[in-house]
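Numbered from 1 within each chain, the chains take letters A, B, ... in sequence-line order.
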Amino acid sequence: ELTEKFERFVRNLKGQGKLSEANVRDTVREVRRILLEADVSLPAAKSFIDAVTTKALGQQVLTSITPGQQMVKVIYDELAQFLGGASEPVRFGKSPSPILLVGLNGVGKTTTTAKLALYLRKKGRKPLMAAGDVRRPAAAEQLEILGKQLGIPVVRGESSPIKIFEKGYEFARREGLDCILVDTAGRQHIDDELMQELSELQAFVKPPETLLVVDGMTGQDAVKSAQAFSARLEITGLILTKLDGDARGGAALSVRYITGKPIKFIGVGEKTADLEAFHPDRLAGRILG
Amino acid sequence: LLGLSRWDAAEYEQLEEILISADIGYDTTQQLLKTLMETAGANEIGANLSPGERLRLELNRLLDGDGASPHRFSAAPWVILLVGVNGSGKTTTVGKLAYYFFQQGKRSAVAAADTFRAAAIEQLEVWAGRGRARVIRQAQGADPAAVVFDAYNSVKARGEDVLIVDTAGRLQAKQNLMEELAKIRRVLNRLDASAPHEALLVLDATTGQNGLSQAAGFLRSASITGLIVTKLDGTARGGIVVPIRRQLELPIAFIGLGEAVDDLQPFDAKVYVDALLA
Ligand SMILES: Nc1nc2c(ncn2[C@@H]2O[C@H](COP(=O)(O)OP(=O)(O)OP(=O)(O)O)[C@@H](O)[C@H]2O)c(=O)[nH]1
Ligand SMILES: Nc1nc2c(ncn2[C@@H]2O[C@H](COP(=O)(O)OP(=O)(O)OP(=O)(O)O)[C@@H](O)[C@H]2O)c(=O)[nH]1
Ligand SMILES: [Mg+2]
Ligand SMILES: [Mg+2]
């Protein structure tokens with residue numbers, strides 16, 4: 001419990017006019033340990049600690065709460081701020097508007113494509129899903145099955161993601177559907193050929209929204225992979241998955257820090273209903289443990 | 001402290017950063033560096049090596065061993081259970097394992113015990129084909145333990161050397177799913193008291209500190225005997241295996257290095273440690 005830790009840590013602050021530099025630096029050393037254990041990447045943790053140190057040093061000690069509680073409040077508020085403002089909506093352009101889902105292998109893109117399609121339909125949209133993964137065995141089948149469960153149409157079967165998108169675009173226009181969610185194959189960000197395929201797809205599709213899907217239990221590598229994806233592509237938003245487990249979710253801070261893009265949703269289970277809008281304060285509490 | 005003069009703050013910080021950024025974890029990193037500092041002048045062998053070189057030796061010592069899987073094939077069939085969290089690479093690894101054994105002259109059969117996820121069985125059928133393995137399956141939604149029971153008896157009858165069991169991804173925090181795994185294990189125990197002969201946690205190399213919680217959880221529910229670390233063809237270095245080895249004594253059996261059927265290699269501590277410290 002963070003407050004208890006800090007109570008012990010900063011007990012001697014009582015009665016002083018200002019949070020002293022020594023006190024703050026001791027405290028943030030403890031915060032750094034907590035963040036690293038919560039899987040926040042080193043660069044993101046450093047940046048956050050610097051911001052908290054600056055903020056804390058500028059503060060007068062409040063008399064209504066203990067210095068420990070005050071320090072916790074600074075940290076918690078700053079983390080919630082870092083993680084981003086209130087949930088940003090999905091971006092749409094002219095119908096049928098494409099949404100691209102990208103990310104490393106196995107993070108949850110296909111499942112999230114279906115979850116997002118359901119979410120958008122509940123919001124009054126008419127989604128189509130495009131099975132843009134032509135590589136993984138039974139990837140199209142997986143999306144098709146999810147589509148059938150939801151009663152949402154799926155296009156598949158062409159030899160390349162671009163061809164599948166074209167087919168989907170035609171279908172959506174004919175059927176009066178207003179958005180196309182494009183699932184893509186998982187890939188490693190250091191695989192030049194696969195990253196090139198993705199940037200060609202994005203250049204062709206020109207989606208107003210490209211979502212980087214990130215596994216919520218990712219550790220230190222989160223900064224590297226997110227940075228690589230956002231260097232090669234125009235990423236407009238982030239989705240953190242598998243947060244129904246007991247992972248602390250520090251990767252959220254890492255990817256937010258390195259891309260500067262908003263976290264739009266979190267995945268909280270394997271069912272298509274298990275998608276939630278992002279609440280920075282809740283995730284801040286989870287990361288701080 | 002003896003040897004402290006050989007360490008300066010910059011050197012300590014540099015090593016700390018390498019270890020933490022490899023997902024070795026804050027606590028384990030501090031313990032490792034403390035061990036190094038305390039033994040700095042203590043032995044002849046270490047005396048002329050830099051802290052970085054001694055760290056390499058220590059990590060090799062920690063991770064080495066005969067690996068989780070001396071595939072003894074001392075039972076027929078030899079049963080390997082693959083478990084792990086969602087998306088870690090289990091189904092793909094089933095195919096790679098079957099292919100690995102095929103190249104050693106051993107035929108595999110595969111039990112499609114993920115009866116839950118969309119198209120899991122279809123995906124497995126493709127991978128089993130690549131590994132020259134027969135698939136034993138039932139309908140979508142069937143009881144996974146029943147599939148395993150079926151598969152074992154089928155392999156017993158048909159004579160394949162290895163039975164590899166693919167299971168559904170599951171988070172260790174989910175009690176009911178952990179219980180399902182324990183049931184699969186009990187079914188195997190009853191068919192052959194020594195089965196499963198290997199139970200391997202398939203762990204994504206990008207996993208952070210939650211990997212330790214995964215190993216502990218799957219140790220309880222499935223009595224895992226070792227790890228397979230996948231996706232090491234990326235930039236993640238899979239350092240979480242260090243605290244897992246230290247605290248739970250679980251060795252690494254194989255590493256996954258890509259999406260092709262031959263992208264599986266037996267664990268080599270030297271190669272792994274060199275990559276950790278790169
Ligand atoms: N518990 C949990 N499981 C999830 C969540 N999102 C996805 N999954 C599971 O994670 C696994 C991988 O999901 P996929 O949708 O196949 O992942 P992917 O990114 O499309 O994988 P590739 O296409 O192979 O790169 C599946 O078992 C999903 O059911 C989540 O929020 N919580
Ligand atoms: N680059 C790379 N990708 C891998 C490796 N192992 C598996 N994958 C990919 O990771 C993704 C998930 O693999 P699966 O085999 O479906 O994982 P799983 O654990 O069976 O997933 P669930 O059954 O949904 O829990 C697929 O895109 C695989 O091709 C590896 O060593 N390297
Ligand atoms: Mg997919
Ligand atoms: Mg699988």
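Side chains of A:Asp221 and B:Thr206: a donor-acceptor N/O pair is absent below 3.5 angstrom, by distance only.
For residues 83-102 of chain B, a heavy-atom distance under 4.5 Å to chain A picks out B:Val85, B:Asn86, B:Gly87, given by residue number. Within residues 125-142 of chain B, the residues having any heavy atom less than 4.5 Å from a heavy atom of chain A are, in residue-number order, B:Val126, B:Trp127, B:Arg130.
Without hydrogens or angle criteria, A:Asp39 side chain to B:Gln209 main chain gives a donor-acceptor distance under 3.5 Å. No side-chain donor-acceptor contact under 3.5 Å links A:Asp246 to the backbone of B:Ala173.
Per-residue counts of heavy-atom pairs under 4.5 Å with chain A were compared for B:Arg117, B:Gln172, B:Gln30, B:Lys174; the largest is that of B:Arg117. Note on B:Thr235, B:Leu171, B:Asp27, B:Thr207: by heavy-atom pairs under 4.5 Å with chain A, the leading option is B:Thr235.
There is no contact between A:Asp191 and chain B, counting heavy-atom distances below 4.5 Å. Residue contact with chain B, scored on non-hydrogen atoms closer than 4.5 Å, involves the side chain of A:Arg136 exclusively. With a threshold of 4.5 angstrom between heavy atoms, A:Glu144 does not approach chain B through any atom at all. For A:Gln188, the part sitting under 4.5 Å from any heavy atom of chain B is the side chain, from C-beta outward, and nothing else. Only the side chain of A:Lys224 comes within less than 4.5 Å of a heavy atom in chain B; its backbone stays farther off.
In this structure, B:Asp233 CG and A:Ile190 CD1 are separated by 7.0 Å, a value rounded to the nearest 0.5 Å. In this structure, B:Ile20 CD1 and A:Ser41 OG are separated by 11.5 Å, a value rounded to the nearest 0.5 Å. Atom-to-atom distance recorded for B:Tyr26:OH and A:Arg32:CZ is 6.0 Å, nearest 0.5 angstrom. Rounded to the nearest 0.5 angstrom, B:Glu16 CD and A:Leu42 CG are separated by 8.0 Å.
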